[in-house]
There are 2 protein chains.
Amino acid sequence: MLALRRPPGPQIARHLRVRYNSTQAPSPSRIRSLLSASKTSAKYAGYLCLSSVVGLVTLGVGILAHDALTYSDRHVDRVPVSPLALSPQKGGPKNLPVAGVQIDDEEDEEMRTLLTRPKLVIVGGGWGAIGVLKTLHPGDYHVTVVSADTFTTFTPLLPSAAVGTVSVRSLIEPIRKVIARLRGHFIAGKAVDLVLSDRLVEVQVDHNGKTQNIYLPYDKLIIAVGSTSSTHGVPGLENCFQLKTVSDAQAIRRRVLDNFEAASLPTTPPEERKRLLSFVICGGGPTGVETAAEIFDFCQEDIMNYFPKICREEVSIHVIQSREHILNTYSEEISKFAEAKFARDKVNLITSARVAAVTPEHVLYTIKKMDDSGKLVTEQHTVPHNFVLWSTGIAMNPFTSRVASLLPNQAHKKAIETDAHLRVLGTPAGEVYAIGDCANIETSLVGHFLELVEACDKDKNGKIDFGEWESMVKFIKKRVPMAEDHLVQVRELFQMYDTDSDENLSLNELVKLLEEVGNRITSLPATAQVASQQGKYLGNKLHKLARKASSSASQVSGKDAAVSTTSQVPTPSHPTHQTLKPIFPDDESVSQHFKYFHLGSLAYIGNAAVFDFGKYSLMGGVAAMYAWRSIYWNEQVSARTRALLMIDWIIRGIWGRDLSKL
Amino acid sequence: MLALRRPPGPQIARHLRVRYNSTQAPSPSRIRSLLSASKTSAKYAGYLCLSSVVGLVTLGVGILAHDALTYSDRHVDRVPVSPLALSPQKGGPKNLPVAGVQIDDEEDEEMRTLLTRPKLVIVGGGWGAIGVLKTLHPGDYHVTVVSADTFTTFTPLLPSAAVGTVSVRSLIEPIRKVIARLRGHFIAGKAVDLVLSDRLVEVQVDHNGKTQNIYLPYDKLIIAVGSTSSTHGVPGLENCFQLKTVSDAQAIRRRVLDNFEAASLPTTPPEERKRLLSFVICGGGPTGVETAAEIFDFCQEDIMNYFPKICREEVSIHVIQSREHILNTYSEEISKFAEAKFARDKVNLITSARVAAVTPEHVLYTIKKMDDSGKLVTEQHTVPHNFVLWSTGIAMNPFTSRVASLLPNQAHKKAIETDAHLRVLGTPAGEVYAIGDCANIETSLVGHFLELVEACDKDKNGKIDFGEWESMVKFIKKRVPMAEDHLVQVRELFQMYDTDSDENLSLNELVKLLEEVGNRITSLPATAQVASQQGKYLGNKLHKLARKASSSASQVSGKDAAVSTTSQVPTPSHPTHQTLKPIFPDDESVSQHFKYFHLGSLAYIGNAAVFDFGKYSLMGGVAAMYAWRSIYWNEQVSARTRALLMIDWIIRGIWGRDLSKL
């Protein structure tokens with residue numbers, strides 16, 4: 001009720017007073033006149049706020065009713081817990097505890113049936129994993145998610161969180177809430193190794209200081225652990241911040257605010273102040289650009305209202321980009337637009353530059369230039385800093401590289417290679433999948449050379465004539481669908497590489513052709529969009545597979561339930577697992593290979609936003625920014641985060657960002 | 001708009017489904033029927049949510065208009081900064097930089113005039129400091145706030161924040177926003193020493209690793225640094241958590257969730273699980289009780305929905321209280337009520353017990369009991385734990401004890417002693433004040449013995465007759481107003497201590513009287529309420545003093561402005577300061593001594609709340625809880641935190657607490 005007694009006028013007044021740094025507060029009437037300058041009339045604006053306040057308060061009352069029902073002193077009765085769960089036997093090559101049964105596996109009838117389902121283990125809790133979890137149906141699998149973070153993060157808004165435009169809490173959703181629908185299990189730990197022969201993932205759990213390794217048995221494993229930033233062999237990256245997790249965002253925020261606090265001290269020498277307020281971003285991709293933009297906004301809209309003006313003046317933001325343009329994966333006009341915006345904002349764009357090293361106080365970079373005599377020279381530059389963000393490309397994290405090292409024909413350097421059905425190359429068919437940043441769908445044709453010749457050189461004459469070539473093209477399109485666009489002009493290709501024009505491709509000529517076509521295929525970008533689509537694709541496929549396999553699985557289920565409910569110690573290392581190997585049909589039989597549909601890229605560039613929908617581009621100011629917000633708002637994992645996000649934006653609109661260093 | 005397409009029904013359905021852990025989701029209709037059971041009919045409830053959503057969305061639109069005006073690319077012109085500010089000269093006993101002028105002191109005319117005002121330095125950013133800042137008038141003083149935290153915290157809700165009922169961000173308000181009204185200055189650092197002779201506070205600033213000490217000159221200093229938890233000499237407190245700051249709350253939350261994650265692992269042995277889920281709270285005061293209650297709620301309402309049931313069963317909460325009852329500062333019926341509630345909730349109350357030691361895995365405590373033979377025996381007990389909260393009484397923090405050590409007649413062990421006007425005993429009158437937990441208004445009468453005799457023994461016969469005693473009583477009441485209630489029966493007291501009934505009090509008899517009466521005076525509790533009232537009292541007084549002193553100050557202001565705008569290096573250590581010593585009138589001349597009005601105590605005890613308004617008490621369930629919430633809601637520092645808090649409660653009501661370990 002109190003809210004009604006406080007019309008928002010005065011607050012906005014106080015807000016604007018400091019915002020404009022004017023000594024007199026604009027009277028509420030002044031604000032109304034300000035507002036009326038916009039499309040909505042003052043009266044309307046007043047109504048808006050009032051109605052929302054009323055809404056909130058009434059909702060509050062509603063909650064009272066809701067609470068009165070939901071707050072209760074419920075107590076739980078003893079529930080049966082499988083003895084196997086409470087004391088898992090050891091097994092596997094390292095003889096570690098094998099967690100075949102989870103401690104909540106037999107709480108009720110439903111769980112007991114679930115236990116007889118094939119075991120699906122998902123490693124990672126990002127876009128890919130969530131995509132799978134959202135599309136799976138309850139009862140398909142006995143699902144276990146392994147992730148060091150207990151929550152999933154809406155990564156695209158991390159740059160906003162890094163300066164407090166939105167709160168980190170609004171970007172995260174507990175994984176346990178996501179898997180509740182599937183009656184799934186969650187293990188807070190990180191995968192460290194894989195035993196393909198026994199179908200075991202080795203998981204390292206670490207709770208207040210105590211570390212322990214356990215095995216998780218799987219029938220199907222999904223690797224979706226994401227990636228780390230690639231170092232490009234630059235020394236001194238320990239002096240840099242990353243922006244991949246909410247913890248990163250929090251650390252960045254603390255540093256940014258700390259820099260301003262330090263710069264506000266009367267005893268800070270001018271030179272030091274310049275350094276403290278020099279923010280360097282290495283990488284001109286979306287993350288780098290958005291972070292630069294957010295930091296700029298933060299200074300413009302919040303810092304200058306509450307910190308000494310001199311701080312605002314000494315702020316400098318530098319973006320170091322190796323290519324000629326920022327946002328170079330976007331359409332040209334977009335990078336132009338973004339560069340123009342940054343130019344207006346006096347954000348220092350350093351393009352075609354390579355970072356040579358990062359010291360605690362300086363970033364060293366080089367620029368290649370033509371000198372007057374027209375020969376290429378390398379200029380050395382340094383920029384002082386007390387904050388560097390490193391966001392340039394991706395690299396494998398320890399688990400991914402461990403997996404890759406275990407497998408044959410894993411050529412790719414940055415990720416695990418999968419086939420077009422997202423099955424990890426070199427693993428037993430249909431057992432291990434990889435999606436998201438940690439995965440890469442193979443683009444090499446040469447890898448299939450022998451297979452191709454074997455299949456298509458009908459007359460076994462070691463030569464490929466045009467007829468054989470045509471069948472080969474079909475074959476390739478099936479194996480490496482991404483090659484499709486590059487194999488349109490079948491005839492032209494054949495002639496181009498038939499150097500001795502004997503109407504035959506010698507094997508050498510064929511290798512050359514396959515190599516060069518292969519190199520032309522670009523692999524999918526490491527974006528949330530790709531990961532999410534792969535996750536959903538895989539979830540749907542696994543659902544179909546489970547349905548088809550269920551009949552075979554159900555045969556053993558009865559036997560198994562018996563085994564796992566009695567405490568007798570079974571002979572094999574993890575019986576509930578062994579007895580359960582279901583007969584899955586081929587992936588091909590239930591679904592097509594994965595196809596990526598690009599829905600367009602978007603980026604926030606400081607109270608303006610850009611969209612690249614392939615065919616057409618959109619860019620603009622506040623309106624575009626709202627379009628940008630609404631799209632992200634749409635993609636939220638839960639209604640909860642959606643509400644929180646909306647609220648954050650409103651709160652920030654009224655009272656600005658939170659300046660607390662926390 | 002999207003929000004409109006999603007009626008809350010389904011979400012609540014999902015919410016309730018997991019809440020009741022039933023395998024079938026109650027259909028939206030079922031939920032409505034649930035809701036309709038309450039006062040509000042289903043239709044009304046639906047309307048409530050809808051209206052609020054509409055409200056939010058429309059407000060969103062309003063913000064768009066607001067943003068369209070406020071988002072702008074403003075740029076700042078160069079502003080003059082005092083050379084003195086950019087290179088403060090050194091001075092003081094340790095020859096440290098003296099920050100007499102702040103770097104934003106000369107941005108505009110208003111700041112330049114402010115510079116000529118007496119310097120008020122406030123050390124600390126809690127309830128006391130905010131009380132002062134809220135009541136001071138702009139232009140009264142050149143205000144500088146020194147605090148390690150850049151924000152002020154709404155401490156009473158820390159127990160809620162510790163389990164995520166509310167977000168920590170909703171409890172904090174940046175100090176810079178509070179002082180903006182006064183055009184004040186903020187220094188992120190902590191006071192470490194005091195130089196009374198030169199009126200300098202030594203401040204230690206520490207920014208990303210670099211530590212530096214500076215002097216802050218003051219004309220008036222307010223010490224409001226709060227307190228730390230007292231150890232009572234118990235070994236092993238490094239194994240305990242405190243709950244005094246938001247960082248504490250965050251640490252507690254991480255530990256609580258980590259314990260549940262660890263307990264959910266299949267490889268955790270049953271005994272270890274019991275220990276992980278055993279939460280021990282040492283101290284049965286409001287903080288301890290509320291934390292216990294919040295942890296209980298957290299388990300009941302959230303944990304059991306998403307974590308294995310076995311976790312919920314193994315949870316045990318223990319409250320160890322040294323007195324016979326918890327909440328012993330509240331009325332008896334209240335502690336009874338709270339104890340009954342805890343008994344129902346199976347919270348283990350251990351009263352009349354002393355904690356002997358805390359090890360990383362166990363809490364050792366002793367209970368004194370009568371054995372059968374009726375003699376007192378001490379029982380030894382231990383309780384396993386992986387979380388201990390230590391909230392038993394307060395102690396001085398390093399700065400406070402340093403100040404106390406500098407001063408004569410500072411007898412008190414837990415805080416700095418002040419007179420009834422909050423002036424620190426032993427400091428030059430009207431220069432140093434202390435408020436809040438770090439301060440204690442003197443209650444000792446013996447301390448004034450000589451003074452009393454001097455003033456009241458008219459006939460200088462070394463004896464006090466009844467007439468002299470009467471005048472002495474008046475004198476005492478003026479010096480130590482808190483003695484008033486104990487000096488009502490003047491005649492009776494006189495006769496009681498006039499042991500030889502010679503109608504005279506010998507000096508020995510007088511000392512005895514003063515001692516015993518003094519001991520009966522109870523000093524004010526260390527609560528937010530007291531701190532806040534003291535702050536407001538002091539702010540008002542300082543405002544009046546400033547007005548009275550302004551005339552004398554204005555005389556030098558002209559001269560000073562000249563000094564501080566020129567960069568000539570002046571001879572004294574901090575000229576702008578020296579030239580400014582204003583002539584303040586006596587505190588007594590502008591205001592009465594501080595009087596504390598007890599507005600009642602309240603506490604949250606798990607979906608129930610208790611209020612103690614001295615005369616009458618109130619206690620009850622959800623309704624009382626809402627009364628409890630509304631009172632705190634009222635006391636918020638800013639409209640922002642008020643809104644955030646309301647939103648948190650609503651969000652929690654709909655979607656439960658956030659389970660993310662962050």
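Convention: sequence-line order gives letters A, B, ...; per-chain numbering from 1.
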Output yes when B/K210 and A/E272 qualify as a salt bridge under the 4.0 Å nitrogen-oxygen rule, no when they do not. yes

Applying a strict 4.5 Å limit to non-hydrogen atoms, the region of B/L659 in contact with chain A is both

With a 4.5 angstrom heavy-atom cut-off, is it the side chain or the backbone of A/D149 that approaches chain B, or both, or neither? neither

Regarding B/R176 and the six-membered ring of A/F307, is the cationic atom NZ or CZ under 6.0 Å from the ring centre and inside 45° of its axis? yes

Cationic N near anionic O, under 4.0 Å, B/R273 to B/E313: no

What residue, out of B/S247, B/A188, B/P174, B/S167, has the most heavy-atom pairs lying under 4.5 Å from chain A? B/P174

One option among A/R255, A/K661, A/R254, A/E261 has the most heavy-atom pairs under 4.5 Å with chain B, and it is A/E261

Could you tell me whether the side chain of A/W649 reaches within less than 4.5 Å of the side chain of A/I647, counting heavy atoms only? no

Name the member of A/C311, A/A262, A/A99 that forms the most heavy-atom pairs with chain B at distances under 4.5 Å. A/A262

Please answer whether the main-chain N or O of B/R657 pairs with a side-chain N or O of B/D302 as donor and acceptor at a distance below 3.5 Å. yes

From A/T267 atom OG1 to B/Q212 atom CD, the distance as rounded to the nearest 0.5 Å: 3.5 Å

Part of A/E173 lying under 4.5 Å from any heavy atom of chain B: backbone

Most chain A-contacting option - heavy-atom pairs closer than 4.5 Å, from B/I214, B/D658, B/I187: B/D658

